[in-house]
Amino acid sequence: MSDKVRVRIAPSPSGNLHIGTARTALFNYLYAKKTGGTFVLRIEDTDAERTEQAYVDNIFDSLKALGLNWDEGPDVGGEYGPYTQSQRFDIYPKYAQILLDKGYAYECFCTNEELEHEKEEAVKNHKPYVYSRKCLDITPEQREQYIKEGRKPSIRFKVEHKELVFNDMVKGELKFDTSLIGDFVIMKSNGAPTYNFAVVIDDMLMKISHIIRGEDHISNTPKQILIYEALGAKVPEFGHLGMILAPDRSKLSKRHGATAVSDFVKEGYLTDALINFVALLGWAPSDSVEIKTVDEIAQDFRINEISSSNSIFEYDKLNWMNGQYIKKMDISKLTDMIIPFLEGYDLSELSREKLEKMVEITREPLTTLKEIKDAVPYFFGEHVPLDEVKELLNTELSKNVLNKFLTLAQGWDFSDEEKIHNDLADLRTEFKEKYGYKPKETMWAIRGAITGRTRGADMVGILTVIGKEKTILRTKEALSTIKV
RNA sequence: GGUCCCAUCGUCUAGAGGCCUAGGACACAUCCCUUUCACGGAUGCGACAGGGGUUCAAAUCCCCUUGGGACUACCA
């Protein structure tokens with residue numbers, strides 16, 4: 001047995017990969033990277049009702065997109081497979097039997113009605129619900145009787161009453177009074193293991209050394225430790241992370257917008273930005289440089305310095321960060337990513353080169369990729385709607401500027417960016433000196449005519465992308481609307 | 001109801017008894033830069049939940065209160 005760090009992420013495929021699960025996966029991944037350990041992916045599909053293959057695929061894809069590659073898992077295999085719980089069903093009964101044989105577990109024939117009744121009683125008396133142990137000492141005769149009746153037993157773990165203490169990697173010492181736990185079911189009457197049992201068996205068999213998960217699992221931990229102890233297995237280290245909450249401090253759910261990693265991607269968030277953002281929820285870099293790759297974060301990662309409180313998921317900073325990533329990204333890659341968001345435009349109008357140029361000059365104010373769609377309409381089509389700029393254009397100033405601009409444009413080689421840039425600069429100076437037009441007013445006239453807007457990308461860049469023909473056409477059209 | 005967790009600017013956080021008249025980032029405001037929007041730069045606004053202790057000294061340790069969260073299944 002080695003002391004190598006082995007961590008895991010064990011999502012259940014009853015939905016797309018949740019952003020919270022992604023963060024848990026990240027912290028596990030970081031811990032593995034930092035310690036030279038192994039990162040395991042296990043799919044917990046015990047609940048056949050809610051499991052769908054599409055979700056399994058989504059989990060795989062999302063994790064990969066985030067750069068959280070696993071060393072062992074359902075697809076890549078590994079020494080301790082299978083890594084899909086539904087393929088491990090024959091394993092659990094064996095261990096349940098061991099517990100039965102050793103007296104750590106017993107069969108329970110209670111019906112749902114009986115159990116419900118116990119619960120109601122507990123609520124009525126303001127007591128915590130603890131199973132009555134009604135079936136702990138049933139006689140063999142009684143057992144026979146139940147079996148004859150066709151009752152199928154569940155198997156309950158016999159909880160030893162004591163104070164259970166463990167040292168949590170992020171929260172410190174945690175104490176529990178196990179007499180409040182109640183003998184919980186480990187094998188359902190249908191033969192399937194319960195979550196608490198299956199995880200322990202799997203983690204034990206997969207030699208998971210450190211379990212980093214959300215604090216919603218804290219109350220499961222004593223149960224799981226009890227099982228490890230009963231089995232004589234080494235108890236792993238636990239670390240419980242605070243939760244990610246919505247701005248209203250409730251659990252992050254669909255009604256707050258995106259919750260799955262793939263939802264964020266559809267909204268135009270970059271997975272690099274997402275994972276970076278989520279890393280900062282509960283963890284801070286030692287050099288206060290916040291924009292970092294996962295590998296850089298791993299270098300600096302200290303698990304005991306994770307914040308133990310919950311954190312609220314606010315979009316402001318995510319948006320800012322996403323914008324930072326968009327600005328820094330390689331143009332060709334960015335263009336590839338942006339194309340799907342350009343739905344509705346005829347991309348064949350632009351060469352790849354011009355498309356990249358367009359992306360280059362429009363990327364700066366973007367906060368999400370989705371915003372590209374509203375930023376680029378004037379790069380496409382012959383004409384441009386002038387309603388927005390009608391008044392701006394209908395002035396002496398615009399008329400003068402556009403007439404001059406037209407002559408200039410007719411003489412330009414539109415691949416000569418520098419020439420255009422200089423001519424435009426001269427034009428601004430000239431009109432400023434001659435008529436007192438402010439530089440921005442001069443440009444507004446041109447921008448208005450060419451784009452139908454008063455704001456947008458760099459004008460020189462726009463011109464080189466749309467070319468001479470459209471420039472002249474649109475300028476003439478704009479001129480024709482001027483009545484002054 | 002019970003058990004458990006948590007508590008620094010609006011948000012994410014730095015802070016492990018004196019370095020704190022509490023630092024950074026996002027957001028917001030103002031200014032600068034500028035062919036627009038933006039980017040970038042500068043400045044500003046802005047917090048130790050409350051109350052008790054411990055100590056020469058507390059954001060940091062302890063207790064109580066308050067507030068938030070999780071769990072309370074033969075779901076995972």
Side-chain angles (χ1 to χ4, degrees), chain A residues 10-14 44-47 49-51 85 108 110-112 115-116 119 122-130 152-156 168 170-171 174-177 180-182 184-196 198-199 214-222 240 242-243 245 247 249-251 277 280-286 288-291 304-305 307-321 323-324 327 362-367 375 421 424-425 427-428 438-448 451 453-460:
Chain A
S12 102
S14 54
E44 304 209 328
D45 57 347
T46 330
D47 187 4
E49 305 256 317
R50 295 194 294 163
T51 293
Q85 250 177 6
C108 172
C110 288
T111 61
N112 278 331
L115 262 15
E116 276 309 314
K119 269 177 230 174
V123 172
K124 212 186 289 172
N125 299 319
H126 302 288
K127 291 266 173 100
Y129 167 64
V130 178
K152 295 244 191 317
S154 62
I155 299 175
R156 286 183 184 273
D168 190 278
V170 346
K171 299 211 183 261
L174 262 26
K175 289 181 189 171
F176 296 89
D177 177 358
L180 265 23
I181 292 176
F184 53 94
V185 172
I186 55 174
M187 292 296 285
K188 304 179 201 175
S189 53
N190 67 6
T194 60
Y195 164 75
N196 274 314
V199 245
E215 71 174 29
D216 47 339
H217 284 286
I218 286 186
S219 56
N220 287 324
T221 309
H240 291 94
M243 317 249 65
L245 267 27
R249 288 174 193 282
S250 68
K251 214 167 171 177
F277 172 71
L280 261 24
L281 259 29
W283 177 83
S286 58
S288 79
V289 175
E290 296 189 318
I291 302 220
N304 54 321
E305 287 178 26
S307 158
S308 51
S309 50
N310 295 338
S311 37
I312 294 173
F313 191 102
E314 287 274 16
Y315 276 82
D316 281 339
K317 193 156 184 174
L318 205 215
N319 287 339
W320 167 78
M321 191 168 272
Q324 294 295 313
K327 277 185 263 298
T362 50
R363 88 214 275 200
E364 199 156 78
L366 299 184
T367 209
H421 182 270
L424 248 24
L427 184 148
R428 263 174 256 139
K438 287 180 189 162
K440 66 176 171 186
E441 292 175 323
T442 304
M443 293 307 284
W444 267 330
I446 298 170
R447 182 179 295 279
T451 70
R453 297 178 170 197
T454 53
R455 29 171 80 176
D458 169 62
M459 214 40 238
V460 178

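No contact: A:D45 has no heavy atom under 4.0 Å from any strand. Among the protein residues, A:L115 comes within range of the nucleic acid bases, having at least one heavy atom under 4.0 Å from a base atom. Residue A:R50 is classed as a base contact, given a heavy-atom separation below 4.0 Å to a base. Looking at heavy-atom distances under 4.0 Å, A:S12 makes contact with sugar-phosphate atoms alone, never a base. Nucleic acid contact class of A:K438 (heavy atoms, under 4.0 Å, all strands): none. Among the heavy atoms of the strands lying under 4.0 Å from A:H217 is at least one base atom, whether or not backbone atoms are also near. Note on A:G323: nothing from the nucleic acid sits closer than 4.0 angstrom, heavy atoms only.
The side chain of A:K188 contributes an N or O atom lying less than 4.0 Å from OP1 or OP2 of B:rA76. Contact annotation: A:Q324 reaches the phosphate of B:rG40 (side-chain N/O to OP1 or OP2, under 4.0 Å).
One distance of note links OG1 of A:T194 with CZ of A:F184; it measures 7.5 Å at 0.5 Å rounding. The CG atom of A:D316 sits 12.5 Å away from the CE atom of A:M321 when rounded to the nearest 0.5 Å. Rounding to the nearest 0.5 angstrom, the gap separating the CE atom in A:M459 from the CH2 atom in A:W444 is 14.0 Å. For the atom pair CG of A:L281 and CE of A:M243, the computed distance is 11.5 Å after rounding to the nearest 0.5 Å. Atom CD1 of A:I186 sits about 6.0 Å away from atom CD1 of A:I155, to the nearest 0.5 Å. Of the inter-residue distances, the one linking A:Y195 atom OH with A:Q85 atom CD reads 9.0 Å to the nearest 0.5 angstrom.
Considering only the side chain of A:Y195, B:rA76 comes nearest among B:rA76, B:rC74, B:rG68. For A:T46, taking side-chain heavy atoms from C-beta onward, the closest of the listed nucleotides B:rA76, B:rU11, B:rC74 is B:rA76.
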Report, one pair per line, the protein and nucleotides 49-51 of chain B atoms (nitrogen or oxygen only) whose separation is under 3.5 Å.
none

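Spacing of P atoms, B:rC71 relative to B:rG52, comes out at 36 Å, to the nearest Å. Rounded to a whole angstrom, the distance from the P atom of B:rC9 to that of B:rC4 is 26 Å. The gap from the P atom of B:rC63 to that of B:rU54 amounts to 15 Å, rounded to the nearest Å. Between B:rA59 and B:rG17, the distance separating the two C1' atoms is 10 Å to the nearest Å. B:rA27 and B:rC33: their C1' atoms are spaced 22 Å apart (whole Å). The gap from the P atom of B:rC5 to that of B:rG46 amounts to 36 Å, rounded to the nearest Å. Separating the C1' atom of B:rA76 from that of B:rC20 is a span of 45 Å, rounded to the nearest Å. Going from the C1' atom of B:rA49 to that of B:rA42 covers 34 Å, rounded to whole Å.
One can place CE of A:M321 at 12 Å from P of B:rU13, the figure rounded to the nearest angstrom. When rounded to the nearest whole Å, the span between CD1 of A:I186 and C1' of B:rA73 equals 16 Å. Note: CD1 (A:I291) to P (B:rG24) measures 18 Å, nearest angstrom. When the P atom of B:rC12 is taken as reference, atom CG of A:L280 falls 12 Å away, rounded to whole Å. Separating the CZ atom of A:F313 from the C1' atom of B:rG68 is a distance of 20 Å, rounded to the nearest angstrom. Rounded to whole Å, the distance from CG on A:D216 to P on B:rA73 is 15 Å.
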Full working for side-chain contact (heavy atoms from CB on, under 4.5 Å) between A:E290 and A:K317: CA-CA 11 Å; A:E290 296 189 318; A:K317 193 156 184 174; 3.0 Å; yes
For A:V199 and A:E44, what are the C-alpha separation, side-chain angles and deciding distance, and is it a side-chain contact (heavy atoms from CB on, under 4.5 Å)? CA-CA 9 Å; A:V199 245; A:E44 304 209 328; 3.5 Å; yes
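Across every strand in view, B:rA58 sits unpaired, with no contact that passes the Watson-Crick or G-U test at under 3.5 angstrom. The pairing partner recorded for B:rG17 is none, the criterion being a Watson-Crick or G-U wobble arrangement whose two distances lie under 3.5 angstrom. Remark: B:rU66 base-pairs with B:rA7. Criterion, Watson-Crick or G-U wobble with two distances under 3.5 Å. Base pairing of B:rU34 is not made with any nucleotide, judged by Watson-Crick or G-U wobble geometry with both donor-acceptor distances under 3.5 Å. Base pairing annotation: B:rC28 forms a Watson-Crick or G-U wobble pair with B:rG44, both donor-acceptor distances under 3.5 Å.
A donor N or O paired with an acceptor N or O is found under 3.5 Å between the base of B:rC74 and the side-chain atoms of A:S189.
In this structure, A:T51 contributes its side chain and A:S14 its backbone to no donor-acceptor pair below 3.5 Å. No side-chain donor-acceptor contact under 3.5 Å links A:S154 to the backbone of A:V185. Listed for the A:R447 side chain is a donor-acceptor partner under 3.5 Å among the backbone atoms of A:A457. With hydrogens and angles disregarded, a donor-acceptor distance shorter than 3.5 Å links the side chain of A:K327 to the backbone of A:E364.
When each of A:K327 and A:W283 is assigned the nucleotide of RNA chain B bearing its nearest heavy atom, the one mapping closer to the 5' terminus is A:W283.
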Across nucleotides 26-37 of chain B, 5' to 3', mark each nucleotide with B, S or - according to how protein heavy atoms within less than 4.0 Å reach it. SS-------BBB
Let me have a per-nucleotide readout for nucleotides 1-7 of chain B, 5' to 3', with B, S or -, counting only protein heavy atoms under 4.0 Å. SSSSSSS
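Not counting sequence neighbours, A:K251 has no partner by the side-chain contact (heavy atoms from CB on, under 4.5 Å) test. In this view, A:K171 and A:D168, A:L174, A:E215, A:I218, A:H240, A:S308 satisfy the side-chain contact (heavy atoms from CB on, under 4.5 Å) rule, not counting sequence neighbours. Every residue two or more places apart in sequence or in another chain that forms a side-chain contact (heavy atoms from CB on, under 4.5 Å) with A:E305 is listed here: A:R302.
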